[in-house]
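Chain letters run A, B, ... following the sequence lines, proteins first, then strands; residues in each count from 1.
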Amino acid sequence: MPHDPDPPPAKKFKPGSVFFRSDYNKPGMLLPRKGNATTPIDIQRKQLPIYQAKPQLLNQLRQLHNAILIGETGSGKTTQIPQYLYESGIGRQGIIAITQPRRVAAISLAGRVAEEKRTQLGKLVGYTVRFEDVTSWETKLKFVTDGMLLREAIGDPLLLRYTVVILDEAHERTVHTDVLFGVVKTAQRRRRELNKIPLKVIVMSATMDVDLFSEYFNKSPVLYLEGRQHPIQIYYTKQPQSDYLQAALVSVFQIHQEAPPSHDILVFMTGQEEIEALARTCRDIAKHLPDGCGPMVVIPLYASLPPAQQLRVFQPAPKGSRKVILSTNIAETSVTISGIKYVIDTGMVKAKRFNPDSGLEVLAVQQVSKAQAWQRAGRAGREDSGSCYRLYTEQEFDNFIPMTVPEIQRCNLAGVMLQLMALGIPDVMNFDFMSKPSPEAIRSAVEHLELLGAVEKKEGQVLLTALGKKMASFPLEPRYARTILLSTDFSCSEEILSIVSLLSVNSVLYSPPARREEVLAARKKFTSSEGDHMTLLNIYRAFKKVSGNKDWCRENFINSRNMVLVKEVQAQLKEICLKLNLKLESCGANTGNIRRCLAHGMFAKPAYVVFNELLQTSHCYMRDLCLVDADWLLDAAPEYFGRKLHPVKR
DNA sequence: GAGCACTGC
């Protein structure tokens with residue numbers, strides 16, 4: 001069956017990685033249709049594919065309590081459906097919420113819809129994300145991150161302010177979306193039982209595999225919307241590739257030698273190190289290309305890159321040059337780059353898993369799912385038709401798992417379980433998850449919460465303690481929340497608030513490997529013999545002393561963006577502490593108190609150090625260590641350490 | 001002496 005009707009752009013560079021063609025036959029595709037920036041906004045709205053379906057769509061949505069909506073990128077579903085509902089009076093008694101997994105999406109979508117409604121953002125149309133609430137009493141269409149709506153549900157489990165909740169990007173299956181599924185389903189049922197205004201739930205997905213959604217929401221009907229995705233030609237390798245990096249390199253230069261220079265290439269890879277290595281190799285080879293082959297601009301893209309360098313992916317390459325972007329899966333959803341004509345998919349991704357027995361997190365390279373491979377391919381067809389070169393055979397693709405395992409089945413559930421309890425869910429052990437986590441993962445999470453004193457078991461029931469209730473009010477991992485709550489006992493709440501803020505954002509340290517010596521020299525100034533936490537605290541204090549000066553950050557290899565985030569988190573945590581009447585005080589030079597407090601909050605592993613993270617990559621790592629005394633640990637959790645340190649012989 | 005995908009409250 002496989003044949004080779006249309007060989008790849010070139011095979012001059014190195015034979016052996018020839019692709020053959022397969023038809024891109026995902027449903028719901030339209031031929032290219034160009035948008036027009038000068039078209040008035042209400043005409044633009046009517047040109048969207050969804051506009052044709054508006055009457056039937058509203059008819060259906062008016063009657064249904066639940067609906068699943070499949071719409072591809074460009075269908076206009078996210079911006080139009082909330083407006084259609086509002087304009088036709090559906091859900092007028094309350095607010096229509098549209099959830100998004102990402103902050104930027106919530107913010108920009110709200111901006112777009114406000115513009116279409118010709119109103120000021122924050123009036124009829126608004127958004128709520130962490131640290132930012134642009135809504136008012138007038139707001140009827142509210143874009144919100146799923147995590148934010150979940151937090152809101154702790155104060156109002158029936159979501160009574162809302163008449164419609166639209167869960168967008170549901171196919172991504174973030175932990176927050178998954179928990180929300182259960183929360184809205186419960187709220188719907190309870191509101192019916194209590195004779196309150198009904199809650200309409202619309203689940204929106206960009207992929208076809210929605211049986212689970214439909215099944216979960218009482219076999220609710222599935223509605224289809226045409227998108228504006230352009231055709232994408234898929235190519236597979238004829239033979240399995242033993243070295244996907246080598247295969248990627250060959251493919252980049254094959255395309256480079258044949259395709260017009262204005263056609264940019266996006267390569268999906270797994271991480272910073274291999275991206276930087278391949279970038280160097282590409283640049284070296286590009287210097288020695290035959291005549292007639294244009295120059296190449298190679299741009300790495302991954303999340304830990306400083307913002308200024310991330311922005312380079314949006315700059316067009318100089319005329320006659322080709323842009324080649326080497327990216328992690330950040331370009332799958334979070335960063336959208338225009339002008340991509342070719343996608344090269346290595347078929348690999350780095351993903352985190354959690355082992356509930358050992359408490360060990362594993363970050364490892366693995367194969368992508370089919371859904372993820374389609375998502376990657378789709379990045380080539382955003383403005384025009386494109387091509388996707390898969391560095392694996394069609395048989396290999398057939399053996400990929402259909403969908404990425406939902407995050408809720410891969411992560412530490414301690415925070416999720418605590419949140420469910422705070423929501424007043426009666427039987428958390430048997431919560432109605434759409435995709436159930438393993439019983440071990442649930443049990444391990446509840447045990448962890450028990451050790452932290454957040455829950456207690458009574459007559460087979462798991463109950464939230466007063467401490468647990470306070471812990472749930474912090475937007476933090478439970479152990480961090482507990483550490484803060486304990487800090488008043490050690491008179492060091494000021495310091496602990498700073499340290500927990502530092503630990504709860506991505507690293508504030510920026511360490512370009514090429515400048516290793518300089519980095520070490522700069523860091524030395526802040527290093528504390530008492531451990532990483534104290535070092536971080538030193539850095540934070542120095543940062544505040546210079547009022548967050550950006551030059552200072554650059555000179556000291558500090559990531560200023562993350563540092564600003566630390567400040568915002570710290571302010572938020574402080575506010576919560578004040579609401580809980582927690583005394584804020586500093587321990588001054590008595591740093592032993594800080595470490596003692598850390599030991600009490602984060603004791604969950606071997607004695608003598610407490611750590612921030614236990615992670616397995618090529619080796620097993622403990623990150624962010626802090627020296628503690630063994631008897632502090634025994635003092636913190638006598639039962640736990642009595643068992644772990646002196647195992648009973650049988 | 002080597003290292004860490006991506007979000008979010």
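Going from atom CD of A:E575 over to atom C1' of B:dC9 covers 14 Å, rounded to whole Å. In this structure, CE of A:M269 is placed 17 Å from C1' of B:dC6, rounded to the nearest angstrom. Whole-Å rounding puts the A:E172 CD to B:dA5 P distance at 20 Å. In this structure, A:Q375 places its CD atom 16 Å from P of B:dC6, rounding to the nearest Å. When the C1' atom of B:dC9 is taken as reference, atom CG of A:D146 falls 10 Å away, rounded to whole Å. Nucleotide B:dA5 holds its C1' atom 12 Å from the CD atom of A:E361, rounded to whole Å. The distance between atom CD of A:Q372 and atom P of B:dA5, rounded to the nearest whole Å, is 15 Å. Summarising the geometry, the separation between CD on A:Q366 and C1' on B:dA5 is reported as 10 Å, rounded to the nearest angstrom.
OP1 or OP2 of B:dC9 lies within a sub-4.0 Å distance of a side-chain N or O belonging to A:T145. Taking only side-chain nitrogens and oxygens, A:T328 comes nearer than 4.0 Å to OP1 or OP2 of B:dC6.
Here the side chain of A:R516 is nearest to one of B:dA5, B:dA2, B:dC9, namely B:dA2. Side chain of A:K350, nearest nucleotide from B:dC6, B:dG8, B:dC4: B:dC4. Looking at the side chain of A:Q272, the nearest of the listed nucleotides B:dA5, B:dT7, B:dC9 is B:dA5. Picking from B:dC4, B:dG1, B:dT7 the nucleotide with the shortest atom distance to the side chain of A:L363 gives B:dC4. Each of B:dA5, B:dC9, B:dG1 was ranked by its minimum atom distance to the side chain of A:H176; first place goes to B:dC9.
Applying the side chain to side chain donor-acceptor pair (under 3.5 Å) test between A:Q570 and each of A:S498, A:S501, A:S504 identifies A:S498 as the sole match.
Residues A:A522 and A:F557 approach most closely at CB-CD1, 3.9 Å, considering heavy atoms.
A:R130 comes within 4.0 angstrom of a base, heavy atoms only. Among the protein residues, A:V175 comes within range of no part of the nucleic acid, since none of its heavy atoms lies under 4.0 Å from any strand. Within 4.0 Å (heavy atoms only), A:N506 reaches at least one base atom of the nucleic acid. Nucleic acid contact class of A:S334 (heavy atoms, under 4.0 Å, all strands): sugar-phosphate only. At the heavy-atom level, A:F474 lies nowhere under 4.0 Å from the strands shown. Nucleic acid contact class of A:Q572 (heavy atoms, under 4.0 Å, all strands): none.
No more than 12 heavy atoms of other residues, nucleotides or ligands lie within 6.0 Å of CD in A:E273, so this atom counts as exposed by the packing criterion.
Ion pairing between a basic and an acidic side chain is recognised when a charged N comes within 4.0 Å of a carboxylate O; A:R410 and A:E407 show no such pairing.
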task: Step by step, work out the ring-ring contact (aromatic ring centres under 6.0 Å, His included) result for A:Y392 and A:F400.
output: CA-CA 11 Å; A:Y392 38 88; A:F400 284 3; 4.9 Å; yes
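The aromatic rings of A:F181 and A:F213 lie tilted to each other, with the angle between the two planes from 30° to 60°.
Nucleotides of DNA chain B nearest to A:I330 and A:E273 differ in position, and the one nearer the 5' end is that of A:E273.
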